[in-house]
Amino acid sequence: MNPSPVLLRNYIAGEFVTTKTTFANISPVDGTLIGHVCEADADLVDRAVRAGKAAQQGPWGQYSAAQRAQLLHKIADGIERRFDEFVAAEVADTGRPVHQARTLDIARGVANFRTFAELINQAGNECFEMRAADGSDVFSFSVRKPHGVVAIISPWNLPMLLLTWKVAPAMACGNSVVIKPSEDTPSTATLLAEVMHEAGVPEGAFNLVHGFGPNSAGEYLTKHPDIDAITFTGESRTGATIMKVAAEGVRDVSFELGGKNAAVVFADCDFDAAVAGVIRSSFTNSGQVCLCSERVYVERPIFDRFVAALKQAAENLKIGYPDEDGVNMGSLISHKHRDKVMAYFDLARDEGAEVVTGGGIPNFGDERDRGAYVQPTIWTGLPDDARCVREEIFGPVCHIAPFDTEEEVIRRVNDSAYGLATAVWTRDLRRAHSITRKFHVGMVWVNTWFLRDLRTPFGGVRLSGIGREGGRHSLDFYSEITTICMHP
Ligand SMILES: NC(=O)c1ccc[n+]([C@@H]2O[C@H](COP(=O)([O-])OP(=O)(O)OC[C@H]3O[C@@H](n4cnc5c(N)ncnc54)[C@H](O)[C@@H]3O)[C@@H](O)[C@H]2O)c1
Ligand SMILES: N/C(=C\C=C\C=O)C(=O)O
């Protein structure tokens with residue numbers, strides 16, 4: 001049972017703002033009311049964007065890169081000071097294990113601010129020298145300036161991690177931001193606004209509006225003519241909708257979208273490590289990670305043994321309350337999302353899948369039966385053109401199939417409308433080097449998964465996204481660059 005319901009407010013021009021229209025925030029663990037959220041209407045979104053624009057002409061627009069870096073470290077300090085509150089808020093909204101919220105979600109929130117504080121402080125700009133036709137030595141150099149006001153729209157699966165992955169570089173580059181978190185996970189974004197306020201972020205530099213997508217804050221924000229760039233993380237079809245809106249005014253976009261990622265397990269792999277790795281890549285966060293492996297291909301000589309081992313490992317996963325000792329998996333984000341996942345469980349049977357394990361809803365015999373839990377599920381026996389093998393499900397489920405040659409598995413992995421991430425398990429270094437570049441994806445992990453160096457480019461191809469963020473790639477997206485040519 002959650003403590004007394006809280007009221008989550010918007011944050012605009014340095015002030016917390018309530019609204020008459022609110023929506024409920026419901027716990028996915030037991031269906032109880034966590035609190036109410038103040039929904040921003042078009043006027044309030046307009047106020048937020050205007051505050052962001054005004055901030056560019058005020059003190060925030062005068063901050064040097066070093067001053068912005070210092071402020072980002074102060075924000076990271078503020079999150080660390082309230083770390084347990086952020087963990088509790090993320091767990092309340094999502095039902096995830098406390099351990100994951102501590103070691104992944106909130107820890108990455110701090111790391112994102114610290115990483116981009118360092119990067120903006122060290123970032124140099126290009127400078128070239130040439131001899132002009134008149135014999136003069138000419139210097140051409142570039143300078144970075146902010147776009148202005150950046151709309152940041154984030155999803156519910158890794159709320160704090162993904163929101164700060166965008167807020168940190170956007171502010172590092174001097175932009176004002178208006179954030180619109182998912183309606184399913186409003187709590188840590190609201191805590192972040194409190195930390196921004198406590199850190200003394202100049203008014204209008206950071207603004208928060210709560211609401212939904214269509215005909216609500218999300219749409220009002222992306223359609224606002226004073227939004228200079230849009231960074232969005234979410235479903236591919238939502239990205240397509242936002243891209244059409246961004247075309248009005250030709251605004252820059254950065255999209256991190258859906259995936260139908262593959263894990264490829266060769267017979268020469270470290271078997272136990274590969275089993276543990278595929279369990280992680282299929283069931284972390286109840287499979288609600290864009291990078292999760294919903295397709296698993298195993299070289300035929302070890303296929304039967306691997307299926308049996310993966311089945312056993314999946315059945316050993318502890319599903320339960322977020323704060324239970326040793327819990328590995330929590331609930332899905334909502335009943336609505338669970339209905340979507342369960343519809344795929346039914347579809348898989350209709351498409352002829354063999355259910356190796358799972359496929360249903362766990363029976364706890366307590367209030368968790370009012371939550372949004374599903375069983376970790378493994379299928380086999382489906383053809384590559386089955387919908388369950390081609391469409392993103394975004395739950396704790398994977399389909400496992402045998403393969404015989406490298407050429408075959410590369411072709412099958414690439415036979416997808418998505419292209420986000422692939423995980424490869426092999427001890428053969430030659431093979432690892434030769435096949436990894438042949439996958440049409442944004443990222444490939446070898447003998448690991450979701451291990452992140454925040455300086456590297458992150459993003460997807462095809463329906464999985466547009467652009468790359470991470471390291472200087474973020475600085476390039478969140479900056480306008482002017483090239484200046486100096487003739488003596
Ligand atoms: N590639 C990545 O890095 C990455 C990371 C996380 C999640 N995702 C993807 O996100 C999806 C799950 O997240 P979700 O269900 O929150 O996605 P979603 O697209 O339903 O919503 C994402 C955000 O967009 C807002 N939104 C929805 N419609 C909008 C519109 N028309 N205009 C403006 N805003 C709108 C929502 O309110 C929410 O804040 C999955 O497909 C997952 O693969 C991708
Ligand atoms: N963008 C990142 C992760 C995305 C996870 C998708 O659910 C990251 O690790 O920076």
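We count ligands from 1, going down the list as the structure has it; atoms in each ligand are counted the same way.
In terms of protein heavy atoms, atom 26 (N) of ligand 1 is closest to Gly213 CA, 3.6 Å. Regarding atom 41 (O) of ligand 1, its nearest protein heavy-atom neighbour is Glu392 OE1, 2.5 Å. The nearest heavy-atom contact from the protein to atom 31 (N) of ligand 1 is Thr241 CG2, 3.9 Å. Shortest contact from atom 3 (O) of ligand 1 to any protein heavy atom: Glu256 OE1, 2.9 Å. Among protein heavy atoms, the minimum distance from atom 27 (C) of ligand 1 is reached at Thr238 CG2, 3.5 Å. Distance from atom 15 (O) of ligand 1 to its nearest protein heavy atom, with residue and atom name: Trp156 NE1, 2.7 Å. Here the protein heavy atom with the shortest distance to atom 2 (C) of ligand 1 is Cys290 SG, 3.2 Å.
Looking at Leu163, Ile152, Ile242, Ile153 and measuring to atom 25 (C) of ligand 1, the nearest heavy atom belongs to Ile153. Between the choices Pro155, Pro186, Ala151, the shortest heavy-atom distance to atom 13 (O) of ligand 1 belongs to Pro155. With Tyr418, Phe394, Phe255 as candidates, the residue nearest to atom 42 (C) of ligand 1 on a non-hydrogen basis is Phe394.
Atoms of ligand 1 lying under 4.0 Å from any heavy atom of Phe458, numbered from 1 in the order shown and given with element: 3 (O). Every atom of ligand 1 with a heavy atom of Leu420 under 4.0 Å away is listed here by number and element: 1 (N). Within ligand 1, counting atoms from 1 as listed, the ones closer than 4.0 Å to a heavy atom of Pro181 are 39 (O). Each of the atoms 32 (N), 33 (C), 34 (N) of ligand 1 lies under 4.0 Å from some heavy atom of Gly218. Atoms of ligand 1 lying under 4.0 Å from at least one heavy atom of Lys180, given by number and element, are 36 (C), 37 (O), 38 (C), 39 (O). The contact set between ligand 1 and Phe212, taken as ligand atoms under 4.0 Å from a residue heavy atom, comprises 37 (O).
Listed for the Glu324 side chain is a donor-acceptor partner under 3.5 Å among the backbone atoms of Tyr321.
If you look at Leu158 next to ligand 1, there are no close heavy atoms at all, none under 4.0 Å. At a 4.0 Å heavy-atom cut-off, ligand 1 does not touch Ser236 at all. Residue-level proximity to ligand 1 for Leu162 is carried by the side chain, the only part with a heavy atom below 4.0 angstrom. In Leu257, the part holding a heavy atom less than 4.0 Å from any atom of ligand 1 is the backbone. Only the side chain of Asn157 comes within 4.0 Å of ligand 1, judged by heavy-atom distances. The part of Glu183 lying near ligand 1 is the side chain, judged by heavy-atom distances below 4.0 Å. Contact annotation for Ser154 and ligand 1: only backbone heavy atoms (N, CA, C, O) come within less than 4.0 Å of the ligand.
For Gly239, the closest heavy-atom approach to ligand 1 does not fall below 4.0 Å. Not close to ligand 1: Gly465, with no non-hydrogen atom less than 4.0 angstrom away.
Residue Asn25 is tested with Thr185, Asp93, Asp184 for a side chain to side chain donor-acceptor pair (under 3.5 Å); the sole match is Asp93. Checked options Asn112, Thr115, Asp105; the residue passing with Thr164 is Asn112 (criterion: side chain to side chain donor-acceptor pair (under 3.5 Å)).
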Where does ligand 2 get N/O contacts under 3.5 Å from the protein, atom by atom?
residue	atom	partner	partner atom	Å
ligand 2	1 (N)	Glu256	OE1	3.2
ligand 2	7 (O)	Asn157	ND2	2.7
ligand 2	7 (O)	Cys290	N	2.7
ligand 2	9 (O)	Arg108	NH1	2.8
ligand 2	9 (O)	Arg452	NE	2.7
ligand 2	10 (O)	Arg108	NH2	2.8
ligand 2	10 (O)	Arg452	NE	3.4
ligand 2	10 (O)	Arg452	NH2	2.8

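With sequence neighbours excluded, the residues that form a side chain to side chain contact (heavy atoms under 4.5 Å, CB included) with Thr380 are Phe303, Glu354, Val356, Ile400. For the side-chain hydrogen bond (donor to acceptor under 3.5 Å, both in side chains) test, residues two or more places apart in sequence or in another chain that qualify with Thr190 are His210. Scanning for side-chain hydrogen bond (donor to acceptor under 3.5 Å, both in side chains) contacts around Gln375 gives an empty result, with sequence neighbours left out.
The pair Arg370-Asp30 does not meet the salt-bridge criterion, since no charged nitrogen lies less than 4.0 angstrom from a carboxylate oxygen. Here Asp46 pairs with Arg50 in a salt bridge; the nearest charged N to carboxylate O distance falls below 4.0 Å. Salt bridge present: Arg390 and Asp415 bring a charged side-chain N and a carboxylate O closer than 4.0 Å. Taking 4.0 Å as the cut-off between side-chain N and carboxylate O, Asp476 and Arg472 count as a salt-bridged pair. Salt bridge present: Glu194 and Arg82 bring a charged side-chain N and a carboxylate O closer than 4.0 Å. Between Glu351 and Arg387 there is no salt bridge, since none of the side-chain N atoms of the basic residue sits less than 4.0 Å from a carboxylate O of the acidic one.
Between Phe23 and Phe212, the ring planes lie tilted relative to each other; the angle falls in the 30° to 60° range.
For Trp156 and Phe394, the ring centers sit closer than 6.0 Å to each other. In this structure, Trp379 has its ring center at least 6.0 angstrom away from the ring center of Tyr344. For Tyr11 and His197, the gap between ring centers is short of 6.0 Å.
Atom 10 (O) of ligand 1 is approached by the protein to below 4.0 angstrom, counting heavy atoms only.
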